[in-house]
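Here, residue 1 is the first one in the sequence, and each next residue gets the next number. Since we're looking at a predicted model, the values are computed, not measured.
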Amino acid sequence: MYDGEPEKGAYTVDRRCFIVGAGEFDGFLTGSQSGKYRMEQVSERVRGDVRKAADTVLSVPGEGDLLIAADGGYRYLKGMGMEPDVLLGDFDSLEMVPEHRHLIRHSPIKDDTDMALAVAYAEAEGYQTFFLYGGLGGRLDHTLANLQLLTQMARKGQEAWLIGQGLILTAVTNGRLLFPKQAGGMISVFCQGEQARGVYESGLKYELANAVLTCDRALGVSNEFTGAPGSIAVKDGTLLVMWDAANGLPQREMFSVR
């Protein structure tokens with residue numbers, strides 16, 4: 001187990017940004033009790049006062065959070081009775097440009113996806129904690145682009161969770177994810193970049209200690225939780241980690257760079 005010292009004050013969750021894209025969307029991640037989470041559509045009760053729901057749900061936008069619809073994600077939110085703070089994109093998915101009080105229209109000839117443009121907008125507004133929905137399924141090229149986006153955000157020191165299809169994915173650079181003993185099911189780890197050094201997987205069925213992962217071999221795929229507290233750590237590099245959404249969000253730490 002790697003006992004590196006986490007950076008003090010890393011990943012403080014204060015201003016959160018929620019982005020819903022045009023990929024498959026099966027609802028916000030909510031929790032009925034500590035350590036037990038499920039994927040479900042927001043209930044009618046929560047829809048009626050979604051901006052004040054932060055205390056009763058895990059990853060639904062609450063008061064003070066920024067909610068962005070990226071192109072086709074607008075259709076999902078409208079279907080749930082939710083109005084985004086910002087609507088942006090080139091609107092090829094919607095095939096129309098809706099009226100909205102804060103609409104940002106991009107040319108379809110652009111270097112970034114609508115999801116990446118939404119992240120850039122929120123970053124410019126000072127947001128560092130992101131929940132990305134509607135970023136999996138649908139077009140494979142956009143799914144892969146969103147995995148690259150997670151890597152980019154982790155290397156900037158941002159906290160980003162990509163949620164959907166019963167999964168949660170995140171990237172971690174020079175840091176650690178800590179899972180409670182209640183976690184169950186599968187967890188997979190992939191190297192993002194040529195190498196990730198000093199990789200530790202503890203409390204899992206297959207453990208690693210000071211290992212080197214590479215981008216051309218899936219050494220960390222299909223591991224399992226064991227009923228013990230689990231952790232994934234990397235001292236030098238970036239890992240993409242995915243697990244069952246039923247486990248919710250782990251504690252996240254960054255390591256001080258010395």
Side-chain angles (χ1 to χ4, degrees), residues 1-17 29 35 37 58-59 116 119-120 122-123 126-132 146-163 167-183 186-226 228-245 247-258:
M1 180 176 180
Y2 179 58
D3 294 319
E5 184 68 23
E7 182 178 345
K8 303 302 181 184
Y11 291 113
T12 56
V13 179
D14 46 0
R15 305 180 69 206
R16 307 183 305 171
C17 175
L29 181 66
Y37 301 100
L58 178 66
S59 301
V119 168
E123 181 182 10
Y127 290 84
Q128 294 290 306
T129 300
F130 295 84
F131 294 85
L132 310 180
N146 289 328
L147 301 184
Q148 288 187 317
L149 181 60
L150 286 181
T151 299
Q152 178 190 106
M153 297 170 77
R155 290 175 176 172
K156 290 181 178 180
Q158 296 169 342
E159 177 179 346
W161 312 96
L162 178 59
I163 303 169
L167 297 169
I168 301 176
L169 297 89
T170 194
V172 57
T173 298
N174 301 350
R176 173 168 55 195
L177 301 175
L178 300 170
F179 294 85
K181 64 181 181 181
Q182 296 92 342
M186 308 290 287
I187 181 169
S188 293
V189 177
F190 302 91
C191 173
Q192 297 293 93
E194 286 297 318
Q195 291 186 338
R197 297 180 175 275
V199 176
Y200 293 76
E201 299 188 15
S202 304
L204 305 177
K205 183 174 181 179
Y206 308 106
E207 296 199 338
L208 291 175
N210 201 25
V212 177
L213 297 189
T214 61
C215 62
D216 57 358
R217 184 185 178 195
L219 181 61
V221 73
S222 297
N223 211 332
E224 299 177 27
F225 293 104
T226 62
S231 68
I232 304 291
V234 56
K235 295 171 65 175
D236 182 15
T238 302
L239 299 177
L240 178 71
V241 188
M242 61 185 295
W243 63 93
D244 294 337
N247 294 312
L249 303 182
Q251 180 182 349
R252 186 180 191 123
E253 297 175 341
M254 292 175 64
F255 297 137
S256 299
V257 178
R258 295 184 175 87

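Checked against side chain to side chain contact (heavy atoms under 4.5 Å, CB included), A122 has the following partners two or more places apart in sequence or in another chain: C17, L66, I68, Y127, F130. Among residues two or more places apart in sequence or in another chain, the side chain to side chain contact (heavy atoms under 4.5 Å, CB included) test is passed with A120 by none. Under the side chain to side chain donor-acceptor pair (under 3.5 Å) criterion, T151 pairs with Q192, not counting sequence neighbours. Residues satisfying the salt bridge (charged side-chain N to carboxylate O under 4.0 Å, His left out) test with K156, not counting sequence neighbours, are E123. Remark: N223 pairs with E201 by the side chain to side chain donor-acceptor pair (under 3.5 Å) rule, at least two apart or across chains.
Of all the heavy atoms in G193 and C215, the pair that sits closest is O-CB, 3.0 Å. Heavy atoms only, all atoms of each residue included: P250 and L178 are closest at CB-O, 3.1 Å. Heavy-atom minimum distance, A196 versus V234: CB-CG2, 4.0 Å.
Note that OG1 of T129 and CE of M153 are 9.0 Å apart. Values are rounded to the nearest 0.5 Å. Note that CZ of R197 is 11.5 Å distant from NZ of K235, once rounded to the nearest 0.5 Å. Interatomic distance, OG1 of T170 versus CD1 of I163, reported as 9.5 Å (0.5 Å rounding). Annotation: the span from S222 atom OG to E224 atom CD amounts to 8.0 Å, rounded to 0.5 Å.
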### Task
Please lay out, stage by stage, how L132 and N146 fare under the test side-chain contact (heavy atoms from CB on, under 4.5 Å).
CA-CA 9 Å; L132 310 180; N146 289 328; 5.9 Å; no
#### Entry: Intermediate values then yes/no, side-chain contact (heavy atoms from CB on, under 4.5 Å), F190 and L147
CA-CA 11 Å; F190 302 91; L147 301 184; over 6 Å; no
#### Entry: side-chain contact (heavy atoms from CB on, under 4.5 Å) between I187 and I232, intermediate numbers included
CA-CA 10 Å; I187 181 169; I232 304 291; 4.1 Å; yes
### Query
Are I168 and N247 close enough, and set up right, to give a side-chain contact (heavy atoms from CB on, under 4.5 Å), and what steps lead you there?
CA-CA 9 Å; I168 301 176; N247 294 312; over 6 Å; no
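A centroid separation of 6.0 Å or more is found between the aromatic rings of W243 and F225.
The side-chain hydrogen bond (donor to acceptor under 3.5 Å, both in side chains) test with R155 is passed by exactly one of T238, T173, N174: T238.
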Give the table of side-chain donor-acceptor pairs shorter than 3.5 Å for residues 203-214, with sequence neighbours excluded, one pair per line with atom names and distance.
residue	atom	partner	partner atom	Å
E207	OE2	G203	N	2.8
T214	OG1	D216	OD1	2.7

